[in-house]
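Working notes, beginning with the structure itself.
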Amino acid sequence: MKLAHHAQRFRLPFLAVRLQALDRDEKPIADVVASGFIRKVGEQLYLYTCWHVVTGFDPYAVEVGLALPARRFLEVTLQASDKSQPGAEVVGGAQSLQLPLYEEGDGSSIPLWEQDDQHLPHVLLNHIGIFVPFWHDVVRLKLPANLTLSDMQLIDEKLTFLGNMSLVARGDKCLVVGYPYGYSTFGLRQPTPVALTRFIASDRIEGRQRQFLIDGIAAPGMSGGPVFIERDDDLLLVGVYTGSIYPDHTRHIKDKVTALGVVADISLHLWDAVHMARTPSSAVPSKS
């Protein structure tokens, strides 16, 4: 049974998770917090977030230092789900888990996340097994099969824009869900994201693939959060919030009043419909 539009918005507090990057010793890295969301593909649960969240690199201005990436784990914090009593499921409280970002062995580290299999060549990163995605600043990580979740916490096919023939258009209303600076409205004892109302400002960005602009930025820490569009009395997943653009950059200033948010657009194809892999196609850089 389809939920009314008002009832659908009551699900928003359950549809984003809080992420904290951890170092090799599983210690929190200061000020490296982000957002994500969970989808079920077949029988497999996946965490979705941004490529720059797991790597620490801006895919549009990669700067590589002398040290290897410090981010080695993600701590995922979300609300708990108690299904111990049939017909009386309770969602609340908190649960957390740590996801390794690399498979360690033989002196090498292999990224565990999946991303688009088309990538932009970068000699230094490719040498350590990291590839800059061509299409999306988005990745997914497998979640443990024994993770207990409510259907309220999953973005299923009924909540996606996939298959909807109406494309996004300027002026469409959307909602960005996530944790600004890691902030939870009910504290970490019950992780609860905020939902910011924005409008689509442009359906494309010069020099970037499948991205659109919204009329204002979201706060740091909301990268990786789901973006829903309001369409025909439905809230549908249309993209992933990835960051900001400052139109005044040519003046060497950054005015937040005029800044625009950037969303990776997945309205035409979801990652299930395109090739995703832990290692891009034959590990051969693609320039297409």
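Note that these values count all heavy atoms, side chains included, but never hydrogens, waters or copies made by symmetry.
Within the 4.5 Å cutoff, side-chain heavy atoms of Leu237 are placed close to those of Phe37. Between Ser150 and Phe14, every side-chain heavy-atom pair lies at or beyond the 4.5 Å cut-off. Between Gln79 and Gln95 the shortest side-chain heavy-atom distance does not fall below 4.5 Å. Side-chain contact between Ile155 and Pro226: present, with at least one pair of heavy atoms (C-beta onward) separated by less than 4.5 Å. Residues Tyr46 and Lys40 fail the side-chain proximity criterion, which asks for heavy atoms closer than 4.5 Å. Looking at heavy atoms from C-beta onward, Val262 lies out of side-chain contact with Ile214 at the 4.5 angstrom threshold. A heavy-atom distance below 4.5 Å is found between the side chains of Leu147 and Leu97.
Linking ILVMFWY side-chain heavy atoms closer than 4.5 Å, directly or via other members, places Met222 and Ile29 in two distinct hydrophobic clusters. Hydrophobic clustering of Ile, Leu, Val, Met, Phe, Trp and Tyr side chains at less than 4.5 Å, counting indirect connections, unites Val62 with Leu101. Leu22 and Val33 are members of different hydrophobic clusters when ILVMFWY side chains are connected at heavy-atom separations under 4.5 Å. Linking Ile, Leu, Val, Met, Phe, Trp and Tyr residues whenever their side-chain heavy atoms come within less than 4.5 Å leaves Phe10 and Phe186 in two separate clusters. Side-chain heavy atoms closer than 4.5 Å link hydrophobic residues (I, L, V, M, F, W, Y) into clusters, and following such links, even through other members, never connects Ile130 to Val32.
Taking the charged nitrogens against the carboxylate oxygens, Arg231 and Asp172 do have a contact shorter than 4.0 Å, which makes a salt bridge. A salt bridge does not link Lys27 with Glu75: none of the charged nitrogens is closer than 4.0 Å to a carboxylate oxygen. Comment: Arg210 engages Asp265 in a salt bridge, judged by a side-chain N to carboxylate O separation of less than 4.0 angstrom.
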> Where do Tyr102 and Trp113 land on the ring pair (Phe, Tyr, Trp, His ring centres under 6.0 Å) test, with the steps shown first?
Replying inline: CA-CA 8 Å; Tyr102 298 88; Trp113 64 82; 5.5 Å; yes
>> Run Ile200 and Ile229 through side chain to side chain contact (heavy atoms under 4.5 Å, CB included) and show every step you take.
In response: CA-CA 9 Å; Ile200 295 178; Ile229 192 171; 4.1 Å; yes
>> Quick one, Ser109 with Arg72, criterion side-chain hydrogen bond (donor to acceptor under 3.5 Å, both in side chains). Give me CA distance, side-chain angles, the key distance, then yes/no.
In response: CA-CA 10 Å; Ser109 299; Arg72 309 304 286 188; 2.8 Å; yes
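Every pair passing side chain to side chain donor-acceptor pair (under 3.5 Å) that includes a residue from residues 50-61 is listed here, sequence neighbours excluded: Trp51-Gln115, His52-Asp137, His52-Ser223, Tyr60-Gln211.
Across Pro180 and Gly178, no two heavy atoms sit closer than the pair CD-O, 3.4 Å. The nearest pair of heavy atoms linking Ser184 to Pro191 is OG-CA, 3.4 Å.
Remark: Arg71 CZ to Phe57 CZ distance equals 9.0 Å, nearest 0.5 Å.
A side-chain donor-acceptor contact under 3.5 Å links Arg140 and Tyr48.
Between the side chain of Ser35 and the main chain of Gly221, a donor-acceptor pair closer than 3.5 Å is present. In this structure a side-chain-to-backbone donor-acceptor pair under 3.5 Å is missing from Asp116 to Pro133.
Tested against Phe228, the residues Val238, Leu236, Val177 include a single side-chain contact (heavy atoms from CB on, under 4.5 Å) partner, Val177.
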